[in-house]
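Here's the structure we're looking at; comments come further down.
For ligands, and for the atoms within them, numbers begin at 1 and follow the listed sequence.
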Amino acid sequence: MKNKIIAGNWKMNKNRIEAEQLVTELIPLVKDTKNTVIICVPFTDLCTAVKLTKGTNIHVGAQNCHWKESGAFTGEIAPSMLTELGVEYVVIGHSERRTYFGETDQTVLLRTKAALAAGLKPIVCIGETLDERNSGNMENVLRRQVVEGFKDITAEELANVVVAYEPVWAIGTGVTATDEQANDAIKFVRSVFAEKYGKKAANALYIQYGGSMNDGNAKGLLAMSDIDGGLIGGASLVATKFATIVHSK
Ligand code: PGA
């Protein structure tokens, strides 16, 4: 089994002072892991996070980036603005972006492509809503998100991508997918990648689970055959909880 990639998604939480406290507390707690540790912080915390984690095993990510290098795009951030700061990862297409900010498979593709071109590693989020799952459309939705959202992504580029399977009904709800539900969905997603990129590339691809993963349920989820890590929201805001997840496997 691969080592895991454990990423915290702070969402719109923690000002600069709070970020400083959280990162400082986290550094000694996760320093001995073989897993990859990432914190995806608000834009305003990036400088603080990069500075404090220098020389540690914690990598820093942003939560979005635009597809253009510069221009009249008020409120957006270019990929090179992130790399210039020392940011390594970027979350793309989170369901909150898709639901509240009109993100589509097409904009996800544009952002992913641009992030890769700039040398960032995108964490691309996919996942079905409860209605889609209950109406038997889960696989159709996941297939569409992979086919459309990765349309122009080459095999070479895919090697620098992390995928996060996050069922929308499990995000921030306290309802976690069961170990089997998460593993089965990820297996399916991997099979769709295999159709396009081949089995070897699909097996090498890191696919995380996200959605109410916490210090209590991480062990079970991370022990599953196809779950290569976690994207953690709420529980990543508490250093001890996030560290417990990091050390779960
Ligand atoms: P949650 O969020 O862990 O708070 O459910 C996960 C995510 O949205 O990435």
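- Close N/O approach between E166 and ligand 1 is found [any backbone or side-chain N/O within under 3.5 Å].
- The distance criterion of under 3.5 Å between nitrogen or oxygen atoms is not met by G210 with respect to ligand 1.
- Protein heavy atom nearest atom 3 (O) of ligand 1, with residue, atom name and distance: G233 N, 2.8 Å.
- At least one heavy atom of G211 sits under 4.0 Å from some atom of ligand 1.
- Looking at M138 and L142, their side chains come closer than 4.5 Å, going by heavy atoms from C-beta outward.
- The single protein non-hydrogen atom nearest to atom 2 (O) of ligand 1 is K11 NZ, 3.2 Å, given as residue, atom name and distance.
- Taking 4.5 Å as the limit, every side-chain heavy atom of T44 sits out of range of all side-chain heavy atoms of N15.
- For the residue pair N183 and S225, a side-chain donor N or O sits within less than 3.5 Å of a side-chain acceptor on the partner.
- The atoms of ligand 1 that sit less than 4.0 Å from any heavy atom of H94 are 7 (C), 8 (O), 9 (O).
- The shortest separation from a heavy atom of S212 to ligand 1 is under 4.0 Å, placing the residue in contact.
- Applying the salt bridge (Lys or Arg N to Asp or Glu O under 4.0 Å) test to E157 and every residue at least two apart in sequence or in another chain returns K113.
- Within the 4.0 Å heavy-atom criterion, the part of A170 lying near ligand 1 is the backbone and not the side chain.
- Figure legend: K2 and Y206 shown as a cation-pi pair, the cationic atom lying under 6.0 angstrom from the six-membered ring centre and within 45 degrees of its axis.
- Only side-chain heavy atoms of N9 come within less than 4.0 Å of ligand 1; its backbone N, CA, C and O stay farther off.
- Inspection of the T129 and D131 side chains reveals no N or O donor paired with an N or O acceptor under 3.5 Å.
- Paired with D228 under the rule salt bridge (Lys or Arg N to Asp or Glu O under 4.0 Å), one option of K4, K187, R190 passes, and it is R190.
- Ring geometry for Y209 against Y165 counts as tilted: the plane angle lies between 30° and 60°, on a 0 to 90° scale.
- Checked by distance only, ligand 1 and G172 come closer than 3.5 Å through their nitrogen or oxygen atoms.
- In the vicinity of I171, heavy-atom distances shorter than 4.0 Å reach the ligand 1 atoms 2 (O), 5 (O), 8 (O).
- Against a heavy-atom cut-off of under 4.0 Å, G234 is close to the following atoms of ligand 1: 1 (P), 3 (O), 4 (O).
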